[in-house]
*Asks:* 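My questions all concern the structure below.
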Amino acid sequence: MSDDPSAKSPEASDFIRDAVAEDLSSGRYKSVMTRYPPEPNGWLHIGHAKALSIDFGVAAQFGGVCNLRFDDTNPEKEDMSYVEAIKKDIAWLGYDWQDREYFASDYYERLYDLAVKIIKKGHAYVDDLTAEEMSEYRGTNVPDKNNITITPPGKDSPYRNRTVAENLELFARMRAGEFPDGSKTLRAKIDMAHPNLLMRDPPMYRIRREPHYRTGTEWCIYPMYDFQHPLSDAIEGVSHSLCSLEYEIHRPLYDWFVREGEVSSTPPRQIEFARLNISHFVLSKRWLLRLVQDGVVSGWDDPRMPTLSGLRRRGYTPASIRDFMSRIGVAKTDSLVDVQLLEHCIREELNKSADRVMAVLHPLRLVVENWPEGSVEELEAVNNPEDPSRGSRKVPFSKVLYIEREDFAEVPPPKYFRLFPGNMVRLRYGYIVTCTGFGKDPSTGEITEVRCSYDPATKGGDAPDNRKVKGTIHWVSAAHAIAVEARLYEHLFPAERPMDVAPGVDWVTTIDASSMERVAGAFAEPSLGSAKAGDRFQFERLGYFCCDPDSKPGAPVFNRTVGLRDTWAKIEKKGS
RNA sequence: UGGGACGUCGGCAAGCGGUAAGCCAUCGGACUUUGGCUCCGACAUUCGCAGGUUCGAAUCCUGCCGUCCCAACCA
């Protein structure tokens, strides 16, 4: 998979790309400029990756550019640490905003001037209504006797008809800090009877004495999204402002402010697409923040989190996420993508790129009875059968090995072709061995060790006589193995739709408390001793693992990114 | 007496009046020194429902039904 995001799906097509192509051919726009507008109040998750993929992808496909603009107009929630985290994640995903790193907070002065311009047109006014009163005056959606939702007209604020001069003066004094927080707002003068509630004189500025992470205490008034966003787009010269469906109802407002602001001769155009939902995941910054704050997860980058940082730590690659985005498409249908598609994407990439290695998660001693005491052999193991250029390595073999507990059965279930008394199995890249016996703790019934004899003629695992050996299992030499910790993950939420919870039930309580399993007593072949955080491997027959930053010298930790497809598990399930 | 959208296979999703792409999942089978990978095959006579227009409709019209979003001085 290429590291260059623009290299994939050159002929991608969807309703947005169709619209952009049409806009170009009709001459509505000469070139394409999009923007990715995060609010720095949380970390990016895979839902944002969809928006990123569309914003940067559409721009790239049409030879345009995509700006990174932080929509930072709510000082209460925003923070520089989020800006840094967001930039890191976008860059990691492979998207490049070059020098176009913008902040809505850099436009404060310009936006203020635009507000003044709109006031001068008589299209905005300073209102003294409280938040509650404003809501009351606006009117709301209410169910009538037949439980049909209706929206009666709102009524004008008594301050709606202040003169331009008065509004200008009041607005200036708002900025100057002459009024207490919340006592006045600047409102667009649109239509208090509009069927779309958002058009009923929406607020443009509120008074809030809250230090801003970038502008400090310079401002005590802050612009609202509906005013700020379209005008920031216009200021930058954005052509296509692509956003999610929930903003569809904001579009008339978007267009209204663009028109009133008269910033650009080619007004930006907003187009909406359906946001991403993935089964077993919660994709909402607000909910993710709660998981972090409640300590349910270890942080924004907990490997179970759908955040880009979490997926990164889990072992997902940027290319696999981009591939996923290209497969789910872009449409306007509310949808729930099966998490298995995401897992398929990472498996497909890692199958090609991850070196194979042997590790035993739940060790069981295997003694090779006819192996000479003290003898050690270095056996050749292929690093990646999918990629010969990865070469091979040496793996030590000796008398006492560890194998996976699951790979031995005292009484084999149907169709089981691993180790059981009398059965023959291949030790991968080692020898073909025959199970000669086993030890068992009489009090617990636990298998304590398995014994076997090896066939010296089968070095490397070859069967010179072409005998059929159905099973091949992985192993590690007890004397040479290194101790590792493995962390196995399940979905944080067992439910396909975690937010669909019975009334009165807190969704957080539906979390699977055992969604992370630490396997402390695992062993791996010596080559894994040099693994560095972020390195990815396939533990043969187990799954893909990524070395975690928690690793210490001599004590590596591996996160299971995803297991291998497991046909045996299906056979077992069917049998039971 | 609301407004804005959306309904094509279990999950995504093409299709834009000419007779249902593809992907994931699933189920068979081949191959296999990973019960992995790969390969081959199966998987919507039908497009929310009902009418209508047409030689012909998932595509056009009408009416129903269903789902989502909107009542923050958040974005």
Side-chain angles (χ1 to χ4, degrees), chain A residues 13-14 37-39 41 71-74 76-78 127 129-131 134-135 138-142 144 148-153 181-187 194-200 202-208 221-222 224-226 228-229 243-252 272 274 279 285-286 327-345 347-348 351-352 356 358 382 385-386 415-418 426-430 432 458 460-463 469-474 496 538-543 563-572:
Chain A
S13 169
D14 53 62
E39 186 193 6
N41 67 346
D71 263 1
D72 54 355
T73 51
N74 184 2
E76 287 166 34
K77 295 182 182 171
E78 295 153 7
D127 198 355
L129 254 30
T130 64
M134 201 183 285
S135 168
R138 180 178 46 232
T140 60
N141 298 317
V142 293
D144 71 2
I148 291 171
T149 303
I150 56 168
T151 306
D181 284 10
S183 63
K184 282 181 169 50
T185 53
L186 180 70
R187 289 229 257 171
H194 198 105
N196 180 346
L197 258 21
L198 290 170
M199 297 294 275
R200 319 247 263 220
M204 294 165 61
Y205 271 91
R206 76 281 209 184
I207 305 173
R208 190 108 319 163
I221 58 172
Y222 292 95
M224 303 289 295
Y225 168 85
D226 280 313
Q228 173 274 130
H229 193 89
C243 60
S244 51
L245 244 32
E246 69 249 48
Y247 291 100
E248 208 154 23
I249 194 171
H250 293 250
R251 194 166 65 224
E272 313 83 10
S279 61
K285 271 199 277 190
R286 188 179 150 198
R327 288 176 191 246
I328 61 173
V330 180
K332 296 191 71 164
T333 318
D334 280 308
S335 59
L336 180 71
V337 177
D338 194 332
V339 70
Q340 288 184 105
L341 179 58
L342 215 211
E343 296 176 344
H344 172 265
C345 292
R347 276 197 195 101
E348 187 176 79
N351 174 52
K352 293 184 191 120
R356 273 58 168 172
M358 290 198 283
V382 172
E386 304 288 321
K415 293 181 185 161
Y416 186 87
F417 48 74
R418 280 112 92 173
R426 174 185 295 104
L427 294 176
R428 175 142 244 228
Y429 300 125
I432 292 176
T458 59
D462 293 315
V469 179
K470 202 82 197 307
T472 298
I473 65 175
H474 58 99
E496 204 167 71
Q538 183 196 102
F539 287 5
E540 293 225 24
R541 301 210 307 130
L542 296 175
L564 259 23
R565 278 190 69 226
D566 191 350
T567 307
W568 171 245
K570 282 178 195 164
I571 296 170
E572 257 188 325

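Chain identifiers are assigned alphabetically (A, B, ...) following the order of the sequence lines, protein sequences preceding nucleic acid strands; residue numbering begins at 1 within each chain.
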*Asks:* Tell me the closest heavy-atom pair linking A:Glu39 and A:Asp71, and the distance in Å.
*Replies:*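 For A:Glu39 versus A:Asp71, the nearest heavy atoms are CG-O, 3.4 Å.
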*Asks:* Rounding to the closest angstrom, what is the interatomic distance between B:rC16 and B:rU38 at atom P?
*Replies:*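 After rounding to an integer number of Å, I get 32 Å for this pair.
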*Asks:* Listed by chain and number, what are the salt bridge (charged side-chain N to carboxylate O under 4.0 Å, His left out) partners of A:Glu76, not counting sequence neighbours?
*Replies:*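 With sequence neighbours excluded, A:Glu76 shows a salt bridge (charged side-chain N to carboxylate O under 4.0 Å, His left out) to A:Arg208, given in chain and number order.
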*Asks:* If we take the P atom in both B:rU46 and B:rA21, what is their distance in whole Å?
*Replies:*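 To the nearest whole Å, 15 Å.
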*Asks:* Atom CG of A:Leu245 to atom C1' of B:rC69: distance rounded to whole Å?
*Replies:*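 Atom CG in A:Leu245 sits about 8 Å away from atom C1' in B:rC69.
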*Asks:* Suppose you measure atom C1' in B:rC73 against the same atom in B:rG3; what distance do you get, rounded to whole Å?
*Replies:*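 Between the two C1' atoms, the distance is 23 Å.
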*Asks:* Under the salt bridge (charged side-chain N to carboxylate O under 4.0 Å, His left out) test, which residues partner A:Arg200, sequence neighbours left out?
*Replies:*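 For A:Arg200 there are no salt bridge (charged side-chain N to carboxylate O under 4.0 Å, His left out) partners, ignoring immediate neighbours.
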*Asks:* Once salt bridge (charged side-chain N to carboxylate O under 4.0 Å, His left out) is applied, do any residues pair with A:Lys332, and if so which ones, sequence neighbours excluded?
*Replies:*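 Residues passing salt bridge (charged side-chain N to carboxylate O under 4.0 Å, His left out) with A:Lys332: A:Glu248.
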*Asks:* Given the C1' atoms of B:rA72 and B:rU8, what is the spacing between them in whole Å?
*Replies:*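 Their C1' atoms lie roughly 37 Å apart.
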*Asks:* Using a 4.0 Å cut-off on protein heavy atoms (strictly under), produce a 5'-to-3' string for nucleotides 70-75 of chain B with B for base contact, S for backbone-only sugar-phosphate contact, and - for none.
*Replies:* BBSBSB
*Asks:* Could you check how far CG of A:Asp334 sits from C1' of B:rC69, rounded to whole Å?
*Replies:*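 Those two atoms, CG and C1', are 8 Å apart.
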*Asks:* Pick the P atom in B:rU53 and in B:rU59, then give their distance to the nearest Å.
*Replies:*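 One P to the other, the span is 15 Å.
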*Asks:* Please identify each residue that fulfils side chain to side chain donor-acceptor pair (under 3.5 Å) with A:Arg418, with sequence neighbours left out.
*Replies:*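 For A:Arg418, the residues satisfying side chain to side chain donor-acceptor pair (under 3.5 Å) (neighbours in sequence not counted) are A:Asp407.
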*Asks:* By ring-ring contact (aromatic ring centres under 6.0 Å, His included), which residues pair with A:His229, not counting sequence neighbours?
*Replies:*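 A:His229 satisfies ring-ring contact (aromatic ring centres under 6.0 Å, His included) with A:Tyr225 once adjacent residues are dropped.
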*Asks:* Looking only at atom P, what distance separates B:rA25 and B:rU19, rounded to whole Å?
*Replies:*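 To the nearest whole Å, 31 Å.
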*Asks:* Say you pick atom P in B:rC37 and the same atom in B:rG4; how far apart are they, in whole Å?
*Replies:*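 Pairwise P distance, B:rC37 against B:rG4, rounds to 49 Å.
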*Asks:* Can you check the A:Lys332 NZ to B:rC69 C1' distance for me, whole Å?
*Replies:*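 The answer, rounded to whole Å, is 12 Å.
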*Asks:* Do side-chain atoms of A:Asp226 reach the backbone of A:His250 as a donor and acceptor pair under 3.5 angstrom?
*Replies:*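 Side chain of A:Asp226 to backbone of A:His250, a donor-acceptor pair under 3.5 Å: no, none is there.
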*Asks:* Please report the distance separating the P of B:rC27 from the corresponding atom of B:rG36, rounded so that it comes out in whole Å.
*Replies:*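 Looking at atom P only, B:rC27 and B:rG36 are 13 Å apart.
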*Asks:* Holding to salt bridge (charged side-chain N to carboxylate O under 4.0 Å, His left out), I want the full list of residues that pass it with A:Asp181, two or more places apart in sequence or in another chain.
*Replies:*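 Once residues adjacent in sequence are excluded, the partners of A:Asp181 under the salt bridge (charged side-chain N to carboxylate O under 4.0 Å, His left out) criterion are A:Arg209.
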*Asks:* So if I define the base as every atom that isn't primed, P, OP1 or OP2, how would nucleotides 25-40 of chain B read as a B/S/- string at a heavy-atom cutoff under 4.0 Å?
*Replies:* SS-S----BBBBB---
*Asks:* If the condition is side chain to side chain donor-acceptor pair (under 3.5 Å), which residues does A:Thr130 pass it with, not counting sequence neighbours?
*Replies:*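 Result, side chain to side chain donor-acceptor pair (under 3.5 Å) vs A:Thr130: A:Glu132, A:Glu133.
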